[in-house]
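Have a look at the structure below, then the notes.
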Amino acid sequence: MNGEHDIGGRHGFGRIEHTPDDPTFHERWEARVFAIALSSGGSRGGVNLDAARHRGERLDPVAYFRNGYYGRWLAALELGLQENGFLAPGELDAWLMGGAGPADKATSARAPAARRGGPMPNLSFTREVDHAPAFALGQAVLTRNHQPAGHTRLPAYARSRRGVIRRIHPAMVFPDTNAHGLGENPQYVYSVEFDGAELWGDAAEQGTCLMLDLFESYLEPGPPEELP
């Protein structure tokens, strides 16, 4: 979907400050939220990072920017608990105001079973498929004008753009369907090289290029005579 999470290449948001000594977590609660989110997964059936990402995309736009990175993780986690039936709407707010809270119901049938091992055991998105890749190394491609209402991993700035296949990866779980419980539908993933001017126009720094890893259904054959 098109939203506040997909602002690559847009003006007006200021510089991205690079702070090499920045700690991973600034506050203890951030590490706790991160650990809980990974341990709880995205659904009753297990880890679904695509669904979790899509919950983050549906947060209130103002809160999305105001709450910071781990604030978004926390809000998405709370939304996931509601959507999976572990929290009723408003239940957490009521608990924070002094009412009966989720901690009082930890032994109820809604509570998920505890898991052994690491926070995300057997997490792999690579899958075997019974067909060959649709595109070849060096082939010209065109990204689709892809404007889905749901989750996608094709950035807005890279739609309807010409590029060249530089690497073919194994088939992987397709986020656009997996995020919505519509199946894994594994597809080959390609590293596609784009010229900077193709993505950013005349203002692009001369000689720049960008590599994006894109799923097969985002791509169409491109006209080689029009390649940058």
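Bear in mind the structure is a predicted one, so any value in this text is a computation, not a measurement.
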Q. Going only through I, L, V, M, F, W and Y residues with side-chain contacts under 4.5 Å, is there a path from Trp29 to Tyr69?
A. yes
With distance as the sole test, does Arg10 use its side chain to make a donor-acceptor pair with the main-chain N or O of Gly8 at under 3.5 Å?
no
- Message: Donor-acceptor check, side chain of Gln139 to backbone of Pro221, threshold 3.5 angstrom: yes or no?
- Response: no
- Query: When hydrophobic residues are tied together by side-chain contacts of less than 4.5 Å, even through go-betweens, does Leu49 share a cluster with Leu79?
  - Reply: no
Worksheet item: Are the side chain of Glu78 and the backbone of Ala75 linked by a donor-acceptor contact shorter than 3.5 Å?
Response: no
task: Treat each ILVMFWY residue as a node, draw an edge where side-chain heavy atoms are under 4.5 Å apart, and state whether Phe25 and Leu38 are in one component.
output: yes
Whether Arg167 side chain and Tyr190 backbone form a donor-acceptor pair below 3.5 Å: no
Are Glu57 and Arg55 close enough that some pair of their side-chain heavy atoms sits under 4.5 Å apart?
no
_With side chain to side chain donor-acceptor pair (under 3.5 Å) as the criterion, how do His18 and Asp22 come out once you've worked through the C-alpha distance, each side chain's angles and the decisive distance to 0.1 Å?_
CA-CA 9 Å; His18 177 54; Asp22 213 17; over 6 Å; no
Side chain to side chain, Ser217 and Phe174, heavy atoms closer than 4.5 Å: yes
If we only count heavy atoms from C-beta on, is the Leu154 to Leu214 side-chain gap below 4.5 Å? yes
Exercise for review: Check for a donor-acceptor pair, side chain of Glu198 on one end and backbone N or O of Asp195 on the other, with a separation under 3.5 Å.
Suggested key: no
Look only at the side chain of Gln187 and the backbone of Met172, and say whether a donor-acceptor pair between them is shorter than 3.5 Å.
no
*Any donor-acceptor pair under 3.5 Å linking the side chain of Ser191 with the backbone of Arg166?*
no
Ring-plane angle category for Tyr218 and Phe215, please: parallel below 30°, perpendicular beyond 60°, tilted otherwise.
perpendicular
**Any side-chain donor near an acceptor of the partner, Asn84 and Gln82, under 3.5 Å** = no
Run Glu83 and Arg58 through salt bridge (Lys or Arg N to Asp or Glu O under 4.0 Å) and show every step you take. CA-CA 13 Å; Glu83 292 182 342; Arg58 289 181 282 130; 2.8 Å; yes
Would a hydrophobic clustering, with Ile, Leu, Val, Met, Phe, Trp and Tyr connected at side-chain separations under 4.5 Å, put Tyr64 with Leu74?
no
Are Leu212 and Leu137 in one and the same hydrophobic cluster, where Ile, Leu, Val, Met, Phe, Trp and Tyr link if side-chain heavy atoms are under 4.5 Å apart? yes
**Request:** Go through the steps to decide whether Tyr188 and His169 satisfy the test ring pair (Phe, Tyr, Trp, His ring centres under 6.0 Å), and finish with yes or no.
**Result:** CA-CA 6 Å; Tyr188 287 100; His169 301 276; over 10 Å; no
Decide yes or no for Glu193 and Leu210: does some side-chain heavy atom of the first lie under 4.5 Å from some side-chain heavy atom of the second? no
Practice prompt. Would you mind reporting whether Gln147 and Asn2 have side-chain heavy atoms less than 4.5 Å apart?
Written response: yes
- Would you say Thr152's side chain and Met1's backbone share a donor-acceptor pair under 3.5 angstrom? no
ask   = Between the side chain of Asp213 and the main-chain N/O of Val189, is any donor-acceptor distance below 3.5 Å?
value = no
If you count every heavy atom of other residues, nucleotides or ligands that lies below 6.0 Å from Glu220 atom CD, does the total exceed 12? yes
Notebook entry, point to check: If we ignore angles and hydrogens, is there a donor and acceptor under 3.5 Å between the side chains of Asp176 and His180?
Noted result: no
- request: For atom NE2 of His131, decide whether the heavy atoms of other residues, nucleotides or ligands shown that lie under 6.0 angstrom number more than 12.
  value: yes
Q. Is the side chain of Arg159 donor-acceptor paired with the backbone N or O of His146 at a distance under 3.5 Å, no angle test?
A. yes
